[in-house]
Each structure stands twice: as C-alpha cells, then as structure tokens.
Protein chains: 2
Amino acid sequence: MTHPLFEQHRATLEGALQAIATRGYWSPYTEMPSPKAYGETAAEDGKRAYEAHLGQNFELNQPGQNGWGGNEVSPYAGALDVRYPLCDHEVLIEAGLAAMKGWQAVGAAGRTGMCLEILARLNRQSFELGHAVMMTTGQGWMMAFQAGAPHAQDRGLEAVAYAWREQSFVPAEAIWEKPQGKNPALVMKKHFELVGRGVGLVVGCGTFPTWNTYPGVFAALATGNAVIIKPHSNAILPAAITVRTIRAVLAENGIDPNLVTLCVTDNRSTTQALATHPSVKSVDFTGSNVFGQWLIDNCKQAQVYAELAGVNNIVIDSTSAYKAMLGNLAFTLSLYSGQMCTTSQAIFVPAGGIDTDEGHKSYDEVCADLGKAISRFLSKPEVAFAVLGAMQSEATTDRVAHANSGQLGAVVLASQTLSNPDFPVAQVRTPVLLACDAADEPAYMEERFGPISFVVKVADTAAGIALSERVVREHGALTVGLYSTRQEVIDAMTEATWRGKVALSINLTGGVFVNQSSAFSDYHGTGGNPAANASYADSAFVANRFRVVQRRYHV
Amino acid sequence: MTHPLFEQHRATLEGALQAIATRGYWSPYTEMPSPKAYGETAAEDGKRAYEAHLGQNFELNQPGQNGWGGNEVSPYAGALDVRYPLCDHEVLIEAGLAAMKGWQAVGAAGRTGMCLEILARLNRQSFELGHAVMMTTGQGWMMAFQAGAPHAQDRGLEAVAYAWREQSFVPAEAIWEKPQGKNPALVMKKHFELVGRGVGLVVGCGTFPTWNTYPGVFAALATGNAVIIKPHSNAILPAAITVRTIRAVLAENGIDPNLVTLCVTDNRSTTQALATHPSVKSVDFTGSNVFGQWLIDNCKQAQVYAELAGVNNIVIDSTSAYKAMLGNLAFTLSLYSGQMCTTSQAIFVPAGGIDTDEGHKSYDEVCADLGKAISRFLSKPEVAFAVLGAMQSEATTDRVAHANSGQLGAVVLASQTLSNPDFPVAQVRTPVLLACDAADEPAYMEERFGPISFVVKVADTAAGIALSERVVREHGALTVGLYSTRQEVIDAMTEATWRGKVALSINLTGGVFVNQSSAFSDYHGTGGNPAANASYADSAFVANRFRVVQRRYHV
C-alpha cells in the first residue's frame, strides 16, 4: 500500500534512510536563508507572515475551546500580544483518539507521505518560523533561522525516516505453512496491523521550541499516534504555526485534523493531568530535571523520552593549535549566550598546565587566554549581538549576575551587559568565565544554564578524564570534548565516554563546535546518562511508539 | 568486523532475519525429539545428563559464592535434591559489569556469533533441557521438550536476529563532509560504538523456565549487556543448565564468563535489591501482576519488559465446523492443564445461542457440548497424562478445587483428579468448565491461572465483542479468539483487537491453537495491553537495550 504523497516525497525519504545508515553530511532543507533556495520574496514574505500574527487571535479551530490565552514576552520586543485557543485537555485527548482510526487506516506509507509533505510545507515557512523562534527565544537571527527551521525540519525528517524503517519491516500479511510430515501442511494466513499506542504528548522548551519538539512530534505522528503539543508558555508561536500547518495538510488529505492539537496552559497541573492521562502513551519532554524526573516517576502509563539538564565538559590535555582551540571554545561559550543544552560548562585543565604549539601554558595562562579569546571574539558589537542573542529568561540573567559576583569562583572574565540598538529591551550578556578548583564541586557540578563556565583546575589529565566521567555518570552530559595531541589520552577519554555514555568531540579547532549536532549523522544525546534517556534519533526513539496487532486464520 | 562464529552460523542468522521479515514458518531447531534430528543416542544421553544432576551440587564457578541452596520439588517426583551456588548479588553485578568491556570489544558480530553458538549448543542439549523442564514444571514430555528446548531456542534466536538487525544499522565509522560554498568543506571522521547499558536482570517463571526467559537473556546479551538470571525457585535447573552452557561458550571464546550468572535466592528482597540496583538497566519478567507492577513502579533506573497476567478470551458467534471447533477448544483448555499465559479463560457465547453446521445450538448446548468435548478428548488416560501434565503449584490446585465447588459459577464440567501410574506423586487435574452470566464479572474477570474456564453468557455477539475489548483493555490478554462465519463480525472483532491491542485467532478448527505462538511469525503479546508491556519479539524489545556512543574529529 502506498500513497501519492509517499511517492511524491520518495526521494527525500530515501535520502534520509541512506543518511541515517551512512551518517555522512546530508540535508534536504537549505540552512542558508538565501533567495536562491527559498525564493526572491521569501525573506520579506516570511517576516510579514510573522508580523501578521502579532496582536491577533491565532485561530486553530480546535475542539473544546473555552477561551483565548497566551502571554508571550519577547526577549527582543516585549509582549507579542498573540492569543491562542485555550481548550479543555480532555476534549483534545478524546478528539485525538478519535482521529487515530483514519490515521491508522492510511498505513505507514500514507502517514510517512503526509509527514514528509508537512515538513516540506514547514520548510517553505522557514522565514516565518525563523522570526517566530528568534522573537520568542532571544536567539540571534541566523541561529533562529537555522536551528528553528531547516535544522529542526532535519530532526523531524530523521524521526520520520526511523519510523518508516521500523514500520516497513512488518509485512502487512504472510502465509505461514508448517510441514506435517506425511500429512498436509498446516497453512495459515496472517495479517499484521501497525497500531499507534495512543496520544503522544510533546512538551516544548523555551529555548528551542521547534528543534527540540519536532523529533517527538514526528516520531509519534509517523508511528500512528495522535499528538498534543504543550509549548513552553513563552515560546508558543513557533508551535502554533507548526500545528496549523500540520492540521492543514491532514485535512487536505482526508485525515481528521484533531489528530494534532496545541494545548496552551500556564497551569502545571494541567500539564501533569495530561502527562498522566491513561490515554497518553508517550511523553516527549525537554526541560528541567525537576519536572523531567516528575514525569519519569509519575507517567507510568507512558514511555517518557526526556532531555534534561547536564554538566557538559571538556578536558584539555594539550593541543597543536592553541589559538584555534581558544577561538573554537570562545564561539561555543558565546553562542546564544550559552543557553543551549549542549554548551560546555566545565573545562578541566591540569594544575601543571598544558603543552601547546605556542609552548607550555600554565593553568592561569589558559584561563586568561580563554577569557581574552572570548573578549576578542565579541569585540565587534555586530558580531556580539548576532552570536549572543538575548537572555531568554530572567532566571538566566540572575544566574549570570550571581556568577559575576565571584561567589562561585574567581572571575576570570566578567559578564558584560550590552545594549543592542536594534532591540533596546533585549537583555544581552557576554559570557562569564570562572576559575575554580576540582574540589569546588558545588560550584561547577550542577547545571548553571546560560553563559557561565568554569575552568576547573585538576591534578592532571588522568584526573580530568576521571572527573569528566564521574560528572557524566552522576549529573549527565550531552557533549564532552577533549583537546590532546597524545593518542593514549584520546584512547583513555574515548573509553571513559563509552562507560559514561556521552558523545565526544576531539580537538575541535575549525568550523565545527562541540555544542552543535548534525541531524542524520550525530546522535544528539546517547540516552545513556542522566542528561537524556533517549537520543535524537535512533531506533529506540521510534520502535516503542507503535505496536503490531496480528490476526490469523486457516486457509 | 566479523567473527569466526558469526561466519560459521551466518546461514542460521540469515534464515532468522528473513523469517522475521516475511513471517512465514521457519525454525532451525527441530521440534520433534527424533533420533534422525538429534542423533541415535540423544534421547538416552539427554535423560542420563538430566539424571546426573540429581542429588548433586551444580557447580558454576561463579564469584561471590557463600553457600549452596535451592530446593526444587518436582511435580512429578518430589525433591530434586540439586544444590546451586548462592552468590552475593552485589558481587555478581560487579563481575558482570567488569566482563562487559571484553563483550563490547568483540562488537556486534562477535556477540551475535557467540549467541548463535550458544543456541546451537543448547539445541544439542535439548533432551537434557526437556527433562529438566518437564520435571520442574509438570509439563508433559512432548510439550516440555518442544516448548522447553527447540521452541525456546527459536525465541532466543529471534531476539538475537532483532538485536543484530538493529545493531547492524549503526556504521562503525563515517566521513562527514559538509560543503562550505567556495571555502573548503568541513570534514570530520566519526566513530560509533555500540555500548550495552549495564546488567540485564531476567526473572524467570515457574511454568516456562526457558521459553519465557530466553528472549530477554538473548536480547540483553546480544546487545552488549551482562545478564543475571534469577530463576523461579521451583524451576532452577533449566536455567542453571543454560547458564553453564553460556559460560562455557563465552570462556572458550575469550570472554569473561561472569558476563552471565545465575542468582538463586528465595528471598524476594534480594530480587528487589537486584531489580532496583543502579547498575541494572533492564529487567525482563514473567509472572504475577503484583510483582510485575512493583517492578514497573520501582525500577526507574531500568527498562522493564514484563509479561503479566491477563484474561484471555474467545467470542463465539457462529461456526461452520462445530465439532472441530469444540475439539480445538478442548485441546486448548486441556494443554498443560491450562497453566499457560495464553490459555483462554472466558468464552463469550450469545444468550440466544449460535448458528452452526449442525444447526442452531443454544447457549446451554454449547456449554454442555464443550464439556463433553473435553471429557472425550481426555478419555484415554495416556492422552490425558501426556496433555495435562501435572499441577505446577499447590496454589493452582487450590484454585481448581475452589472452581469445582461451584462458588464461581455453575459447574458444567467438574475437574477430575487423575492418578498417573508413572508418577504417583503427580497432582493431575482435568479442566473445570463453569457457566456464568456476563454480569458475574468478579468470577471471570480476573486471571484464574490453571484449568479453569468460563462460558460467559452475553446478550449477543456485539455485546461479546464489546466485552472482549473491555476485558483486554482493563485486564489484559495475550490471546483472543473468534468463531464466526460472518465477515462483518470478523471485521468488528478485528477492529476491537486493534483498539485493545491483542492478537486474534479466527476460526481455529485444525492443528493450530489459540494458546500457541510460533516464533519468527507470531508476535507473542503486543505490548499494548495490561497483559504485557513488550512483545516477543520486535524492534522495541531490543532497540533500547544498547546505546550508541560517538566520537568525532577533524580530518
């Protein structure tokens, strides 16, 4: 059984299947916001489309609506003044369940084809989505466009490809013929139906409202489930645009659009009621450890896929490219003011210093040189504003002030407050870099989300590797890095990351950064340490979202 | 990277991969205990091998041993008087973790090759295992041989095939090359390491100590984990034989045999400590709802794959083969005295009776005729003893006595106590068949493990289908059946099973029975209703048992 949209997008699907198997670079969605890729008027059209939402009711025609709500405050521009439908979550669940029958009936090919069509439509909305992500999260424009649109679409497509691969293994039917010696064989016909498990709840975060949401949305959808997106209360618009497009594609193709709905609520108890509802069978969550652990502990009826906090770290042993290393780190620590789940927080440097192509550098020199590299990188305001973006939340701004006070460690480089003339309300902060001793565990060994990093003095490289492993095991990490010119050190760190189950970037000195992961090639999170119990994406991310129901009879 | 044992068993693996994809009949392990398949002396050798264990210490050379224990009482023969090593479970965990490094290093091909070799060795021990299963569980010989040896090996091989398929998707390395317009491309080399998650605990049951244990053992093992088997206290020997063989194959191939150990304990608190240990990352369990739910509620550090109790049921609407239907049901209800997780417990029959090829039959006639069919089927003692086996536990015997008393419903056919001259101590019971009304929910709507079934009077077929669906949703089921000559009824029941997520057998009148599932073709359990949260086997059964840890660097 196939479907016209499956055939139409077959090349994209096959590209994705090839990419997840070979893991080279690949993407069907151009990451440059160029007129050549997106059309001459795309940039202007997208900006206007974004602006057209402001001050309006965002109509979705969802069932169970009992009002309008939403109160997003843009880090760049104050109140967005967009109002979203408020709907009874029980009604959304019932409507989603009712829509699943038709979604099941189109089969895996139909679902996959429609998901691919949705992604193609979202790709055409990339400028609109980029602006929505920028204005709700405080990301700089280029990052908001790339991470918010094409890269998020990549992650969605990746999930669709995994879902298709797993579903396509199950044949629709089979003849089972068992020989019986001299007697006639036993012959049965069997049918195998792919059935979604129920409603998939996807809880978004405030910093990456599409990139961290699309994997769960498309994994759940492609495998036959209804989806309810509960966006972060300050990043609703990107989710609302996404839901509207999904609903449009579904309706155009004869599927009840209530399969996918937006649940806007400020009320944590509503989210909790949703997450623990018997009909909700999966919960995808990105956010704090506290609520993530609550979900894991309480959602016994659902599979929870959670990306939580961690303490990403880097061990510096030695380098043959000191300047390039510092430049690479400066970019990583500055990007989006470190408001990424992949930003490095702790940098372990031996007390005796490190060997470099510029001679031996003491621990203090490494601290100072890294501080200078950050200052130099951000010295041009246009670069600083583009890279740093704005503080997404007051809590992060407060954490920066706390770190600046020197209470967490010696201030190597203080965070500066910048004023962005294009966005006067934006809170812009440069990174704060602190120095501390390995023994100062309370300082660096919990996630301090935002542009706050520690150069931690360790006894030697071996101690740094051991500490990195312990941090990963106990507190989790999505990324670790290593700088070393010695193979035995690289091998030791590699083995430590196998035990701790964390992705390792080695000697990054060029245009790839430890905080970036590339869809189809890099696994984002291993699912094997406390920072995340799942990975974007692998078979485990999709395989348990559907079930096979068989029937058999004699023929 | 390959491995000599992988190459040696490649044809078996490829057969299994083909079988799970096409789901026709296939097995590499002959189910008939024939000299042609197993060798002229195999039957005698296997019996002697079994007998040689009796009255002995079963040496396994495991670490942390602090005594001998085990106190199995055979349903056929009284005390087995075999003593097994009692080992500190913390020591077993540490030893398992230490052994994982070498197991990881041989890669998926090495692990798969060794698992295939283990299964081949176990197959050669099929007679020994068959006797061990028969004497510990009370199964009849033929069933003990088939389900205990070749069919269990099939299920193990099936898990190995799924594990290989998922692991083989992950390339060992990749070159990632991202174009940068006119600038040189960014090029990175990436490595992807498959890493087991930790210790896999497999908790066995008393009735199917190998068939229900091998899927979890081989899924965990093949994906790189250490395994601790905690057998049911009355069915240790089949697990001990299995563990000894696994350890021998591992040691012969340079792997620390402590990767797989047997943990014998009567102490539930030890099992609980094991199951909640931070290093235990998966728990495979077959058994009671009470302990299964405890595991699901408490093992937050592990993925729990649980097969629990259910209320399997059958809807009878009409049939074109009344006698054959009754004969098929009589066999199902009698096999191993209904001590199977797949035995039908509730048979829903319309109050107005059913249309058959022998004319209309009233509800009372269906009850009576089914009772007669069971009596007739078991009228020859040699058939009865072979099919019924013996009561595995006193609790089951007590449940039969309770049902016989008429307190649960009108007794259509009382259970009889038979005396097996070959095994005078064996408690042999024929099935008890009760009649009750749909409203008598407390009677038939909880699992009454053993040869206890209810013919439940429902208003009509539609009511029967609705009741079946509700029972499946609320109480779970591994199997449901339907007898109907009308396509619209078959369609309605099919849709009910999609919603309830349970496997359906339609109009079974020949040599296939609703309580049987065939490896590589039938999914045992869907994982979508309360009777089981996982299936033997599918991708979801293996995909979350390993993680991918990557590293990357510029080239």
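Chain naming here is simple, since letters A, B, ... match the order of the sequence lines and numbering starts at 1 in each. Excluded from the calculations below are hydrogen atoms, water molecules and symmetry mates; all remaining heavy atoms, backbone and side chain alike, are included.
Ranked by non-hydrogen atom pairs under 4.5 Å with chain B, the options A/Gln104, A/Lys190, A/Glu193 are led by A/Glu193. Residue with the most contacts toward chain B among A/Ala503, A/Gly527, A/Gly528: A/Gly527 (heavy-atom pairs, distance under 4.5 Å). Between chain B and the residues A/Arg545, A/Glu495, A/Arg499, the most heavy-atom pairs under 4.5 angstrom are made by A/Glu495. Between chain B and the residues A/Gln516, A/Glu173, A/Gln180, the most heavy-atom pairs under 4.5 angstrom are made by A/Gln516. Interface summary for chain A: among B/Pro278, B/Gly24, B/Gly196, B/Gly500, the most heavy-atom pairs under 4.5 angstrom belong to B/Gly24.
From B/Met188, atom CE reaches atom CG of A/Asp522 across 8.0 Å, with rounding to the nearest 0.5 Å. Atom-to-atom distance recorded for B/Gln167:CD and A/Ser539:OG is 10.5 Å, nearest 0.5 angstrom. Expressed to the nearest 0.5 Å, how far CG of A/Leu504 lies from NE2 of B/His191 amounts to 10.5 Å. Here A/Glu166 contributes atom CD and B/Phe169 contributes atom CZ; the two are 6.0 Å apart, rounded to the nearest 0.5 Å. Rounded to the nearest 0.5 angstrom, B/Asn544 CG and A/Tyr305 OH are separated by 7.5 Å. The CH2 atom of A/Trp498 sits 10.5 Å away from the CG atom of B/Leu194 when rounded to the nearest 0.5 Å.
Between B/Arg552 and A/Ser517, the shortest heavy-atom contact is NH1-CA, 4.4 Å. The nearest pair of heavy atoms linking A/Gly510 to B/His554 is N-NE2, 3.2 Å. Closest approach of B/Arg547 to A/Ser535, counting heavy atoms only: NH1-CB, 3.9 Å. Taking both residues in full, the closest heavy atoms of A/Ala543 and B/Ala543 are given as CB-CB, 4.4 Å, listed atom of the first, atom of the second, then distance.
Both the backbone and the side chain of A/Gln550 come within contact range of chain B, with heavy atoms under 4.5 Å apart. For chain B, the nearby part of A/Gln303 is the side chain; its heavy atoms alone come within less than 4.5 Å. Using a 4.5 Å cut-off between heavy atoms, A/Lys101 touches chain B through its side chain atoms alone. For A/Phe192, the part lying near chain B is the side chain, with the backbone staying farther off; criterion is any non-hydrogen pair under 4.5 Å. Within the 4.5 angstrom heavy-atom criterion, only backbone atoms of B/Thr22 (N, CA, C, O) approach chain A. Within the 4.5 angstrom heavy-atom criterion, atoms from both the backbone and the side chain of A/Leu508 approach chain B. Of the atoms belonging to A/Glu31, it is side-chain heavy atoms, and not backbone ones, that fall under 4.5 Å from chain B. With a 4.5 angstrom heavy-atom cutoff, A/Val502 touches chain B only via backbone atoms. Looking at A/Ser505, both its backbone and its side chain come within 4.5 Å of chain B, counting heavy atoms on both sides. Looking at B/Lys501, both its backbone and its side chain come within 4.5 Å of chain A, counting heavy atoms on both sides. If you measure heavy-atom distances from A/Arg165 to chain B, the contacts under 4.5 Å come from the side chain alone. For A/Asp297, the parts sitting under 4.5 Å from any heavy atom of chain B are the backbone and the side chain alike. Interface residue A/Asp538: only side-chain heavy atoms are found under 4.5 Å from chain B. Using a 4.5 Å cut-off between heavy atoms, A/Thr509 touches chain B through backbone and side chain atoms alike.
Side-chain atoms of A/Lys178 and B/Ser518 form no donor-acceptor pair, as typed in the model, at a separation below 3.5 Å.
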- Message: Is there a side chain to side chain contact (heavy atoms under 4.5 Å, CB included) between B/Trp176 and A/Val512? Walk through the geometry before answering.
- Response: CA-CA 11 Å; B/Trp176 180 88; A/Val512 174; 3.8 Å; yes
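Residues B/Tyr553 and A/Ile490 have side chains not in contact (no heavy-atom distance under 4.5 Å, counting atoms from C-beta outward). Counting heavy atoms from C-beta outward, A/Arg551 and B/Thr497 have side chains that stay 4.5 Å or more apart.
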